[in-house]
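Here is the structure we will look at.
Here is the naming used below: chain letters follow the sequence lines, and residue numbers restart at 1 for every chain.
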Amino acid sequence: MPERHFRAIPAQPDFPAQERRILDLWRERGTFARLRAKNASGPKWSFLDGPITANHPMGVAHAWGRTYKDLFQRFHAMLGEDQRWQNGFDCQGLWVEVNVERELGFTSKRDIEAYGIAEFVSLCKQRALTYAAVQTEQSIRLGMWMEWNDPDELRRLRDLLATDPTQMVTVAGPDGPVKDTVEMIVGRLGMPEVGGSYFTFSNENNDLIWGFLAECHRRGWLYKGHDSMPWCARCGTGISQMEMNEGYADREDPGLTVRLPLVDRPGEWLLVWTTTPWTIPANVAAAVGPDLRYVRVRQGRDVYWLGKGTLRTALQGPFEVLEERPGTDLVGWRYSGPYDELPQVRSSFAEIGYSHRVIEWDEVTEDEGTGIVHIAPGAGAEDYHLGRTLGLPVIAPLSQDGHYLAGYEWLTGLDAQAVSPRIVEDLQRRGSFYHLEPHTHRYPHCWRCGTALLFRVVDEWYISMGEVYDKPRSEVTAEEKARSLRYQIMDVVDRIRWIPGFGYERELDWLRTMADWMISKKRYWGLALPIWECEACGSFEVIGGREELKQHAVEGWEEFEGHTPHRPYVDAVKIACKACGAVVSRIKDVGNPWLDAGIVPFSTLHYRTDPDHWARWFPADFITESFPGQFRNWFYSLLAMSTVLRNEPPFKTILGYATLFAEDGRPMHKSWGNSIEFNEAAERMGVDVMRWMYARRRPEDNILFGYGAADESRRELLVLWHSFRFFFDYACLAGWTASSGTAARSGGRPAAVLDRWLLSRTAALAETVHRELSDFDPRGASLVIKAFVDDLSQWYLRRSRRRFSRNDDPADRDAAFATLHRALATVASVCAPILPFLTEELYQVLVAQGDPTAPDSVHLTRWPDRDAAEERDGALEAGMATLRRAVELARTLRGQAGLRLRQPVARLWLALPSGRLDAALTEADESALLTLLADEVNVKRVELIGDRSELVERRVKPLLPIIGRRVGSQVPQVMAAARANDVEYLADGRVRLAGIELEAHEVEVLASPRPGTAVADDDGVVVIMDTTLTPELRAEGDARELSRAIQDLRKQAELSLDDRIELWLDAEAAFLDSLDGHLRTLADDTLATVIHREPPPSGTPHVEVDLAGGRVRAALRPARGPRTASMP
RNA sequence: GGGCGUUUAGCUCAGCUGGUUAGAGCACUGCCCUGAUAAGGCAGAGGUCUCUGGUUCGAGUCCAGAAACGCCCA
């Protein structure tokens, strides 16, 4: 360990600075590489990293999940297990395109086509590389150990890609240099020969998805659908069901009421209501609820039909009800549409001989509108499905970018989102307008760009999820299952452990209700869907891989060769139609990005190239991701693809965590000023503080992230830090080192109960944390760690202080150092997965610097619980726990009596049920523990008494969980008798309460206070204190008070821990005489070489203390000479 | 409309398979302790454990219903 890392141990550590030094240390020493080498032959533990989208710097929310990922990998590394350590970046898809477009200032797909698809796709790749580099740096800062690419290398590839993708480049791979064109090297990132993180844009990833899709097609599950779907006109793409929910937002739309003239009832109109005026030209029907009541009302010269329940809200002005009818009466009535003359409307209706009419629909309500619903199957999802059922014509008026198509006359070319005022105006002119008022409602928006969605009828590609059978899962037959992918996936879900458990229910619920998986997107950057569709005959073929494509290619292969399987190059390849022989092009669509992430258990595990390797690492033992979003995203795509390809779970255990919010409970938003960037947080609080905060939370609860919470987290870490600092300071003073201590070398059990207790607790810590982390419970682990550190600091150190500083017994001092050293070193190892930096800091000082044979990093140590069992001492731990309860009671008594702790008292009695601290405790240990108690609460003598003592009453505590069932309804009487202490003690420990006999094992006999004494009790532990003070006790109290004041004076004078002093005490002679017996101890405590009983020389630091026996002026100045007090 | 979750002190949260007196941290008040500790301790104040009903000798805990909030599906 270079000296520069640790000079002094600061009281207020600079965690971020320490962390940066540790990062340097790991880098210089190649610590991570050596860890991998050390574990290379160990058993396998397979972690699969869910890819982080390489599109922005990572945020503190990512750091939450990545803390889990890192801590479990580190933990399993400490168990000696071999791992893959591969991080993943999600690279393809609309989210990257949107940002590239924004940077280029593009507003539509036309801009992209004009710019050039090849250049655009290249920019998307470059963006992914840019942010992969940034996120790599950030993740390293977080302490994540992964097989990272050098961020500068990623940036170099990006820059080369920008200048000329075809130039040759050489990169360093694990088995030597790899040479290829830049484009192909980028396409091979993460592959075995290149190494580093996996990128979902890789050739292998894309190729294996082709294989998956071809398999789906082979089973008949891949189809072209025509659906009305949410559509983002800005992005020019359909939005899948999976993405739809990402973007609901309140929106104000026109609430437009239109009147439609009934053909066979002159002068009468239907009133319909819509919030999307642009859909009115696509109207084909008006729906009424068959069970609703409808009324005919008169307003002036006009007569309207509308739902009875909407009279008050829908109608404007006075009205007169003429007639009421059930909805079914209206069905079949014909009306004139407002835009019947538009060519598209005319031809659509004429084709099937249709005219506008009233239909019935169960979903119609009177909650809003008029109770008569405008139906436009070409412009709404529900309308489309209803229209299909009823065979209504479909009028699909919009283009990809949301403008009216040809055939709509004056509307053609207008933007549907902006057309409302013109439609309203037009309706007014035609006399079809009734009323308009703004209407605010939840409306779907594009989850990436925020644009309000439209509905269009379009061609998209789907994977069929299969039928939903109307019966319990257990009754679905094997044959039905074979037809329905969703049930096959459910069976796979059954075989996975979901943490928390409700994740299982939610995934099943998603599978039960989900519609077919839309896998196509009419975009540019992404998986090129391997579907070649023949325009001549309508048949299509799905190509299962690059090689297969090469075999089928009839033209364009040369253009594609040497390129990654992306647009536009792959589009050049044509094949011959199997059915009709025509030359066929690929459909232009790209794939849903969750396909990219779902194939990862195959593409990154060399599924195709090295089946043995794949079989060793599949399925993953563990994945962890945020629950809310991923049921329908990554979990789903992993499950679907693994089910199709192998019918096996892709992972065994999943740990889900919730959502991160700002400290004010709201989502983090830059514009709200409550957002915290990862880099800022890392440098302000330090990443260990952040990691500790994450590890301590229940994963399924949302986290409120901020500097306030970080402060609490930091304070907890400081307790460990200060314990470490205590050790370091006194070990330096004493010249103690791990190798100098005899106790450490001998390996024998230390004599002191405190030491044995701490070692027992230490062993328990290592065992328990092992168990909690093996069970994927970081919170459980951190609670145990916190409890241990508190015990160490607030009990072991507090009680052991003198053993480290002014100990006349060198063996005892050594034992104390050795014990504390051992405990701290173990804490360092046990906390290492969660707090990789702080623990490394500790370990370097505690172990690595002094022991050249030890591993040079805490992360290279083995989990420290091998000898745990023999170090445990349950009786001692239990006895100590009881003792510490007695301490609390004694403190309470002192507080009540107004006796400061420095004032000794004569006696304390401790009454316990059996008269013992613990039945299994040896006499020697028990008496040593009682000495601890006496010291801690400053009493001269402690006596252990049983419940029969005169000082206490015996009481009986019935053990309810045991007697409850037997005694039943008589429990209240029994308890009342126990409370009143109305007990009959029988033979063999039996008792009778309220006439009911209870066995010895059914009760606990406790001592309880007798009224009128200074007594405190807590569930059977009773402490009684003699609070009378003798002159001797007062004098001793005064001496300790004085000692304390002098210590303060030393601190004020900024003396160091081992500076000697000359001491002056100026007071009444008689008073000083009364302190005589305590002055040697005082001199020892304050390192006084001499005590002058006279007024101090002027100018020396002094203090006046009011004591029980009088006033003392104490003064000191630094002295030279041996540390022995010479008494005057 | 359906599914999942949450609801305990001013705030953040513990409360294991039901056991009679519901806890911790932060913040507040008083006292104490302290030559590792910006730490810690004792005490005080702060609760109709969201509500209603049920099971039970006994419910924060189990069951049913409701409400509010969040997420998901339709």
Side-chain angles (χ1 to χ4, degrees), chain A residues 9 11-12 241-242 244-246 363 365 381-382 500-515 627-629 631-632 658-659 661 663 665 696-698 700-704 706 708-709 711-712 714-716 718-730 733 779 783 786 790 793-795 797-798 801 804-806 887-896 898-903 936-938 957-976 978-979 1016 1019 1043-1044 1046-1051 1055-1059 1085-1087:
Chain A
I9 308 292
Q12 288 304 308
Q241 211 186 69
M242 291 194 203
M244 175 90 166
N245 328 290
E246 311 262 348
E363 302 293 311
T365 70
E382 292 177 315
F502 66 77
Y504 169 77
E505 304 295 339
R506 289 196 65 159
E507 189 63 42
L508 284 185
D509 182 58
W510 160 256
L511 289 168
R512 246 189 316 272
T513 55
M514 74 162 301
F627 255 7
F631 288 105
R632 62 177 187 280
T659 307
F661 292 105
E663 211 154 28
R696 283 219 44 193
R697 289 322 198 90
R698 242 183 13 183
E700 65 261 41
D701 284 347
N702 292 337
I703 208 165
L704 303 186
D711 255 0
E712 275 190 50
R714 179 186 156 84
R715 272 203 294 274
E716 293 184 1
L718 281 179
V719 176
L720 175 58
W721 181 257
H722 288 306
S723 304
F724 165 63
R725 196 161 84 99
F726 174 93
F727 168 83
F728 183 83
D729 286 351
Y730 281 97
L733 269 182
R779 179 175 162 273
L783 289 177
K786 178 172 184 339
D790 284 348
S793 160
Q794 285 151 35
W795 186 243
L797 287 186
R798 181 180 167 82
R801 255 195 291 246
F804 292 102
S805 54
R806 312 199 203 330
V887 168
E888 285 171 26
L889 295 172
R891 285 181 187 144
T892 303
L893 286 177
R894 279 186 166 276
Q896 284 168 3
L899 286 171
R900 289 164 315 191
L901 193 56
R902 283 193 289 272
Q903 175 61 60
E936 173 64 19
V937 300
N938 199 15
K957 178 187 173 192
L959 298 173
L960 277 166
I962 299 174
I963 66 160
R965 184 169 297 172
R966 181 165 79 77
V967 177
S969 61
Q970 283 165 299
V971 163
Q973 292 99 288
V974 170
M975 296 308 288
R979 262 194 298 275
D1019 199 23
S1043 175
R1044 177 86 263 290
I1046 295 164
Q1047 297 289 27
D1048 270 346
L1049 205 54
R1050 284 179 58 99
K1051 274 201 226 176
L1055 300 183
S1056 68
L1057 278 177
D1058 50 350
D1059 284 335
D1085 286 349
T1086 58
L1087 297 188

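Atom name C1', nucleotides C16(B) and C62(B): the rounded distance is 15 Å, in whole Å. Rounded to whole Å, the separation between the C1' atoms of A22(B) and G47(B) comes to 9 Å. Using P as the reference atom, G58(B) and A66(B) are 26 Å apart when rounded to the nearest Å. Spacing between G35(B) and C26(B) at atom P, rounded to whole Å, works out to 22 Å. Comparing the C1' positions of C28(B) and G1(B) gives a spacing of 48 Å, expressed to the nearest Å. Taking atom C1' in both G60(B) and U17(B), the straight-line distance is 16 Å, to the nearest Å. Comparing the same atom, C1', in G53(B) and in G15(B) gives a spacing of 25 Å after rounding to whole Å. A gap of 15 Å separates the C1' atoms of U29(B) and G10(B), to the nearest Å.
At a threshold of 4.0 angstrom between heavy atoms, the contacts of Pro972(A) are confined to the sugar-phosphate backbone, with no base atom among them.
Under the 3.5 Å distance criterion, the side-chain polar atoms of Asn702(A) are left unmatched by any main-chain donor or acceptor of Ala658(A). Proximity of a side-chain donor or acceptor of Arg894(A) to a complementary backbone N or O of Leu889(A) within less than 3.5 Å is not detected. Proximity of a side-chain donor or acceptor of Glu936(A) to a complementary backbone N or O of Val887(A) within less than 3.5 Å is not detected.
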Exercise. What string of B, S and - do you get for nucleotides 31-41 of chain B, 5' to 3', when a contact is any protein heavy atom under 4.0 Å?
Worked result: -SSBBBBBSSS

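Partners of Val971(A) according to the side-chain contact (heavy atoms from CB on, under 4.5 Å) rule, which considers only residues two or more places apart in sequence or in another chain, are Leu960(A), Val967(A), Met975(A). Not counting sequence neighbours, the partners of Arg1050(A) by the side-chain contact (heavy atoms from CB on, under 4.5 Å) test are Gln1047(A), Leu1055(A), Asp1059(A), Ile1061(A), Leu1087(A), Leu1116(A). Annotation: salt bridge (charged side-chain N to carboxylate O under 4.0 Å, His left out) contacts of Arg697(A) (sequence neighbours excluded): none. Annotation: salt bridge (charged side-chain N to carboxylate O under 4.0 Å, His left out) contacts of Arg696(A) (sequence neighbours excluded): Glu716(A). Remark: Pro972(A) pairs with no residue by the side-chain contact (heavy atoms from CB on, under 4.5 Å) rule, at least two apart or across chains. For the side-chain contact (heavy atoms from CB on, under 4.5 Å) test, residues two or more places apart in sequence or in another chain that qualify with Thr892(A) are Gln896(A). The salt bridge (charged side-chain N to carboxylate O under 4.0 Å, His left out) search around Asp1048(A) returns Arg1044(A), not counting sequence neighbours. Under the salt bridge (charged side-chain N to carboxylate O under 4.0 Å, His left out) criterion, Arg966(A) pairs with Glu1002(A), sequence neighbours left out.
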Please list, pair by pair, any protein nitrogen or oxygen found under 3.5 Å from a nitrogen or oxygen in nucleotides 12-15 of chain B.
| from | atom 1 | to | atom 2 | distance (Å) |
| --- | --- | --- | --- | --- |
| U12(B) | O2' | Arg697(A) | NH2 | 3.2 |
| A14(B) | OP1 | Arg698(A) | NE | 2.7 |
| A14(B) | OP1 | Arg698(A) | NH1 | 3.3 |
| A14(B) | OP1 | Arg698(A) | NH2 | 3.3 |
| A14(B) | OP1 | Asp701(A) | OD2 | 3.0 |
| A14(B) | O3' | Arg779(A) | NH2 | 3.3 |

Below 3.5 Å between N/O atoms, which protein atoms pair up with nucleotides 3-5 of chain B? Just atom names and distances, please.
| from | atom 1 | to | atom 2 | distance (Å) |
| --- | --- | --- | --- | --- |
| G3(B) | N2 | Arg506(A) | NH2 | 3.4 |

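Leu511(A) places its CG atom 16 Å from the C1' atom of A74(B), with the value rounded to the nearest Å. Following rounding to the nearest Å, Phe627(A) (CZ) and U6(B) (P) show an atom-to-atom distance of 13 Å.
Remark: RNA chain B forms stems of 3 or more consecutive Watson-Crick or G-U wobble pairs, all pair distances under 3.5 Å, at B:1-7 with B:67-73, B:10-13 with B:23-26, B:28-32 with B:40-44, B:50-54 with B:62-66.
No option in Phe726(A), Phe728(A), Phe727(A) other than Phe726(A) meets the ring-ring contact (aromatic ring centres under 6.0 Å, His included) test with Phe804(A).
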